[in-house]
Amino acid sequence: MTVTLADVAARAQVSPATVSRVLNGNYPVAASTRERVLKAVDELDYVLNGPASALAAATSDLVGILVNDIADPFFGIMAGAIQAEIGGPGGRAGGERLAVVCNTGGSPERELTYLTLLQRQRAAAVVLTGGAIEDAPHQAAMDAKLRKLADAGTRVVLCGRPQAPETGAIALTFDNRGGGQELTGHLIGLGHRRLGYIAGPQERTTTRHRLEGHRAALAAHGIEEDPRWTVHGRYDRRSGYEATLELLRRDPSLTAVVAANDSVALGACAALRDSGLRIPDDVSVAGFDDLPFSIDAVPALTTVRLPLAEAGARAGRIAMGREEAPAGGIAVVRGELMVRGSTAGPRE
């Protein structure tokens, strides 16, 4: 049953006019009253009628793009490619769509809040980029929110994250396991047997899948993993630097460092140089994603290239209804191993 403004007013024990004032923000309302109204809105999952132009249609001209960190090239490349496909014919006002990039900062609460705001604005489409958070209550809340968006006519596309079954969302999921296995397999093929691994945050699906691929390669070659060889951290350069120093402290005999992404790999390279070690003569380094700076690193990074721009563009076209969704609602996007100067066989 559709929740009305009157329902919110009854729950908050105020008049419908007061609810309208709080939601429109065009009239002073006591702070305590405002909090009661907003609490009722959240509890009832009330969807505010968006712009007047959307009232006569199922959806508006708004498209939401959720990213973890817009300053991270991984997300920036995808967001730019998505937005490039959103412009042009399709909207009502002059044939354009308005793309809004929502930066969650990795916060589960912000992720849900942005989806609620986009739902209230009757967004035409929502594209969520990057890995999902592995927390059962949060995932249940996300699935429920995605279902409501899809049921209301919003196209929901997941770009770079696992499929969310029974939500109506289309998934373009990255083969992080396969890429991680191929990358580590390459290093093992060069003769490395003592490989440190710098993983991302433990709660992220991307972290788990890439680490599973790494471990699958070790197991396939009969290499027993030493617990000391894995360190978790953020997906940034500083984390790579600090984690590499920790790995060297734990086991100075490591001959290779595999990083969760290219930014982490750059930090690893800096830590190795500051420790008096040569790349790749003493220690090989490998990253993941093939971000634009990877080829300009010294030496250039061996990495797994994910087609971020291509995947983002496809997600944008699907979101706009200009490309059919893949069969079964999911397509696996595979990476490509890029072998460069940062990896070589272990020293004798």
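This is a predicted model, so every value here is computed, not measured.
The one candidate from Leu301, Val264, Ile77, Asp262 that meets the side-chain contact (heavy atoms from CB on, under 4.5 Å) condition with Asp289 is Asp262. With Ser107 as reference, Glu109 is the one residue of Glu111, Arg110, Glu109 to meet the side-chain hydrogen bond (donor to acceptor under 3.5 Å, both in side chains) rule. Considering Asp290, Thr302, Thr303 in turn, Asp290 is the only one that fulfils the side-chain hydrogen bond (donor to acceptor under 3.5 Å, both in side chains) rule with Arg340.
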Enumerate, atom names and distances included, each donor-acceptor pair closer than 3.5 Å involving a side-chain atom of residues 65-75, sequence neighbours excluded.
unit_1, atom_1, unit_2, atom_2, d
Asn68, OD1, Gly106, N, 3.0
Asp69, OD1, Ala71, N, 3.0
Asp72, OD1, Phe74, N, 2.9

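Arg34 CZ: 12 or fewer foreign heavy atoms inside a 6.0 Å radius. Heavy-atom contacts from other residues, nucleotides or ligands closer than 6.0 Å to CD of Gln202 number 12 or fewer. Heavy-atom contacts from other residues, nucleotides or ligands closer than 6.0 Å to CZ of Arg228 number more than 12. Under a cut-off of 6.0 angstrom, the local environment of CD in Gln13 is sparse, with at most 12 non-hydrogen atoms contributed by other residues, nucleotides or ligands.
Under the salt bridge (Lys or Arg N to Asp or Glu O under 4.0 Å) criterion, the residue pairs touching residues 194-204 are Arg194-Asp251, with sequence neighbours excluded.
Under the 3.5 Å distance criterion, the side-chain polar atoms of Tyr235 are matched with a main-chain donor or acceptor of Thr207. Side-chain atoms of Arg161 come within 3.5 Å of backbone atoms of Gly130 as a donor-acceptor pair (strictly under, hydrogens ignored).
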Arg155/Glu323 under salt bridge (charged side-chain N to carboxylate O under 4.0 Å, His left out): CA gap, chis, key distance, verdict: CA-CA 12 Å; Arg155 291 194 185 94; Glu323 179 174 328; over 6 Å; no

Could you walk me through whether Ile133 and Met142 satisfy the side-chain contact (heavy atoms from CB on, under 4.5 Å) test, starting with their C-alpha distance in whole Å, then the side-chain angles of each, then the deciding distance to 0.1 Å, before giving a yes or no? CA-CA 10 Å; Ile133 298 170; Met142 283 289 293; over 6 Å; no

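The existence of a salt bridge linking Arg208 and Glu212 is confirmed by a sub-4.0 Å separation between a basic side-chain nitrogen and an acidic carboxylate oxygen.
Atom NE2 of residue His232 and atom OH of residue Tyr197 lie 9.0 Å apart, to the nearest 0.5 angstrom.
Thr116 meets the side-chain contact (heavy atoms from CB on, under 4.5 Å) test with Arg120, Lys145; sequence neighbours excluded.
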